[in-house]
Amino acid sequence: MGLLDKEFSDGNIVIARVDDLMNWARLSSIWQLGFGLACCAIEMMATSASHYDFDRFGVIPRNTPRQADAIIISGTVTLKMATRIKRLYEQMPDPKYIISMGSCANCGGPYWEHGYHVLKGIDRVIPVDVYVPGCPPRPEALLEGLLKLQEKIRNESLRKKIA
Amino acid sequence: MKNPEEIFELLKNEFGDTILGLDKDTPTESIILVDSMNINKIGAFLRNNNDLKFDSLMVLSGVDDTNGTKVKDEDGTDMISGGTLSVYYHLHSTNLKHKITLKVSTPRENPQVESTYNVWRTSDWHEREAYDMFGIIFLNHPDLRRILMPYDWEAGYPLRKDYKNPEFYKGMKVPY
Amino acid sequence: MALKTETMVLNMGPQHPSTHGVLRLELEIEGELILSVKPHIGYLHRCFEKHAEAMTYPQVIPYTDRLDYLAAMGNNFGYVIAVEKLLGIQIPERVEYIRIIMAELQRIASHLVAIATNGADIGALTPFLYLFRDREYILSLFEMTCGARMLYNYMWIGGLSHDIHPDFVRKTKEFIIHFRPTIIELNNLLTFNKIFIERTANIGILPIDTAINFGASGPVLRGSGLPFDVRREDPYSIYNRFDFEIPTGKGLVGTVGDCWDRYYVRVLEMEQSLRIIEQAIDNIPEGDVHSAIPKRIKPPKGTVYARVENPRGELGYFIISDGNLNPFRVKVRAPSFVNLEVMGELCKGHLVADVIAILGSLDIVLGEIDR
Ligand code: SF4
């Protein structure tokens with residue numbers, strides 16, 4: 001902080017694009033919906049615990065969809081669960097992002113062939129922003145996925161798209 | 001400690017014809033075959049008898065024996081008709097430390113087995129699971145519903161060998 | 001005239017931070033008081049048993065990992081023991097020793113998660129961070145051995161996938177030295193913490209006959225005071241060579257069989273696991289871990305039921321073989337599935353906040369409940 005203190009000590013003005021400022025603010029405080037599904041959820045927990053420390057990227061688990069910016073689908077989505085996930089997704093306020101974590105959420109994973117009760121990919125129900133492969137993905141992989149999501153947010157624009 | 005032969009003799013003396021036999025061909029464990037409509041009585045005896053004391057049901061497993069004949073239905077899919085479904089009970093005594101396996105069989109077309117809910121409470125969910133997966137009806141079970149599959153699943157019993165998965169469930173595509 | 005009151009049905013889950021996955025509890029409450037609890041499961045039903053019927057015997061092992069994903073080694077262990085019994089093969093000593101060390105390390109790792117989440121659920125977040133740090137230590141030992149952090153596919157039928165790393169023995173000893181003080185730290189931080197005791201002592205008391213009748217096992221049963229442990233009752237592998245105690249609930253701060261007892265049994269068990277590892281780690285004989293792996297795994301016709309003591313309780317595999325390359329039927333006796341059944345009994349008459357403490361003390365894993 002020392003550097004910043006000096007820069008701003010005599011009340012300078014910073015000029016930035018609104019897009020940049022907004023995106024910078026949004027991407028450095030992605031609050032995720034604290035939501036675990038299966039084995040991948042344990043790796044997600046490990047990522048947020050001491051060793052890998054999700055917190056340093058501004059990711060804090062929120063326990064209600066209404067306060068969440070992102071949802072990490074961490075694990076196998078079954079048919080019974082899919083309708084509930086859709087409901088959760090719909091309850092989240094815009095803008096919202098989805099990280100699909102693990103092969104199961106991407107495409108059914110090891111259960112693709114005989115899984116009569118497994119949804120073969122969460123993208124059949126809700127749109128996905130980042131896919132993280134692996135079974136389970138290592139915490140580093142999930143962090144990489146998060147960085148990819150930040151990149152995506154950084155390149156977004158507030159301006160109306162003109163078709 | 002009693003071995004399966006002794007337990008079989010004890011049961012045979014007590015229940016006569018409802019004990020159908022002792023299957024010793026299986027290399028690793030002996031199985032006592034029991035009539036499906038008397039399993040509750042036999043279970044209560046096994047639990048309460050002082051020489052047996054089988055107070056814990058380790059697992060109850062449904063099995064599709066697939067011993068019927070294979071037929072093709074109208075649209076050419078394989079079906080199994082006739083034959084039996086079975087239920088295995090693995091019992092254990094925490095007190096006397098012996099184990100025994102019971103087996104009941106029931107016709108595939110109308111599978112009915114007496115519930116052992118009031119003997120071992122472990123049966124509660126296990127019987128619901130056997131119903132869910134194989135469609136075995138447990139008579140006198142207080143709450144026989146599907147347990148793992150959605151309550152409104154209509155496509156049959158998934159662990160039967162001739163089960164066919166539906167194309168769609170609530171608008172979601174099921175096959176890969 | 002008395003006021004007319006109505007009971008209310010409250011849904012907890014399937015998305016709830018303290019249900020440890022996707023469990024839905026239907027609570028019938030009157031004010032804060034619980035009248036009944038109905039668990040609804042199946043939100044993670046991944047069709048393990050169907051897969052097992054379609055795969056060859058060795059191919060099933062990775063799926064067993066994914067049943068109880070916090071104790072994947074234990075799941076592998078149970079399955080390979082069942083198939084080995086069916087095949088009737090002898091396992092080299094070296095393999096047995098390594099298996100036991102792995103299983104015990106896994107027990108510690110799993111209990112660490114159980115304790116951490118039990119604490120975190122009822123408000124103690126700091127131990128969570130401490131305990132996950134130590135869990136990472138164990139995971140790095142596993143990673144060093146087989147390359148995976150969580151789902152190992154390590155124990156194969158008749159052997160192991162890899163031999164241990166040359167550094168493994170040294171690192172494991174270091175871990176033991178490092179971990180002993182952590183248990184003391186944990187006791188100071190959480191176990192004998194006044195608030196924690198208030199939340200868990202005398203809550204969710206499970207009497208011993210109920211526990212047996214419901215078929216409970218593992219720390220849930222031992223917390224009620226019965227020293228039942230499959231490692232001792234029905235020794236598999238080479239457990240009968242080791243000296244260890246079976247901790248039981250004694251009602252130290254409350255009544256026997258309450259949440260705190262179940263919790264404390266886990267803490268004590270970690271200590272015992274360390275003891276087993278200590279006895280085994282120096283005696284690993286030389287040998288080849290691949291020598292007994294059969295070329296072609298095709299067991300004879302027959303049935304087998306094998307059980308092992310997993311961190312959550314008695315894990316059993318019932319396998320029917322019809323003499324083919326793939327099993328005819330595999331049924332898993334999942335300890336959490338059975339332990340969760342007592343939930344309804346335990347919660348009666350408690351408050352809503354206690355449900356979370358009780359659920360945490362049962363330590364369930366949805367992966368093996370729903371399979
Ligand atoms: S991708 Fe693998 S680790 Fe993740 S939920 Fe699926 S089976 Fe489990």
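Numbered from 1 within each chain, the chains take letters A, B, ... in sequence-line order.
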(request) For the pair C/Phe318 and B/Tyr88, name the ring-plane relationship: parallel under 30°, tilted 30 to 60°, perpendicular over 60°. (result) tilted
(message) As an exercise, state the distance from OG of B/Ser123 to CZ of C/Phe214, rounded to the nearest 0.5 Å.
(response) 10.5 Å
Does a side-chain heavy-atom distance below 4.5 Å link [X] with [Y]?
X        : Y        : result
C/Lys331 : B/Glu129 : yes
C/Ile41  : B/Leu148 : yes
C/Tyr305 : B/Ser61  : no

Less than 4.5 Å to any heavy atom of chain C: does that hold for the side chain of [X], its backbone, both, or neither?
X        : answer
B/Asp64  : backbone
B/Asp65  : backbone
B/Arg146 : neither

(request) Please determine, among B/Leu57, B/Asp124, B/Ile31, the option with the most heavy-atom pairs under 4.5 Å with chain C. (result) B/Asp124
(message) Looking only at heavy atoms and a cut-off of under 4.5 Å, which of B/Met133, B/Arg145, B/His90, B/Met149 has the most pairs with chain C?
(response) B/His90
(message) Is it the case that over 12 heavy atoms from other parts of the model lie below 6.0 angstrom from the NZ atom of C/Lys38?
(response) no
[X] and [Y]: which non-hydrogen atoms are nearest, and at how many Å?
X       : Y        : answer
B/Thr94 : C/Ile212 : OG1-CD1, 4.0 Å
C/Lys50 : B/Pro158 : NZ-O, 2.8 Å
B/Val63 : C/Ile320 : CG2-CD1, 3.6 Å

(message) Only heavy atoms, only distances under 4.5 angstrom. Which residues in residues 96-116 of chain B are near chain C?
(response) B/Lys97, B/Lys99
Go through the atoms of [X] and report whether side chain, backbone, both or neither lie under 4.5 Å from a heavy atom of chain B.
X        : result
C/Val338 : side chain
C/Glu314 : side chain
C/Asp234 : side chain

(request) Mind running side-chain contact (heavy atoms from CB on, under 4.5 Å) on C/Glu345 and B/Arg121 for me, showing each step along the way? (result) CA-CA 11 Å; C/Glu345 293 293 303; B/Arg121 278 296 294 275; 4.2 Å; yes
(message) Between B/Arg128 and C/Glu341 (salt bridge meaning N to carboxylate O under 4.0 Å), is one present in this structure?
(response) no
(message) With chain B as the partner, which of C/Leu340, C/Asp209, C/Val342 has the greatest number of non-hydrogen pairs under 4.5 Å?
(response) C/Leu340
(message) Can a side-chain donor-acceptor contact be found between C/Arg307 and B/His92 if the only test is distance below 3.5 angstrom?
(response) yes
(message) Using only atom types and a distance under 3.5 Å, with no angle test, would you say the side chain of C/Arg333 pairs donor to acceptor with the backbone of B/Val59?
(response) no
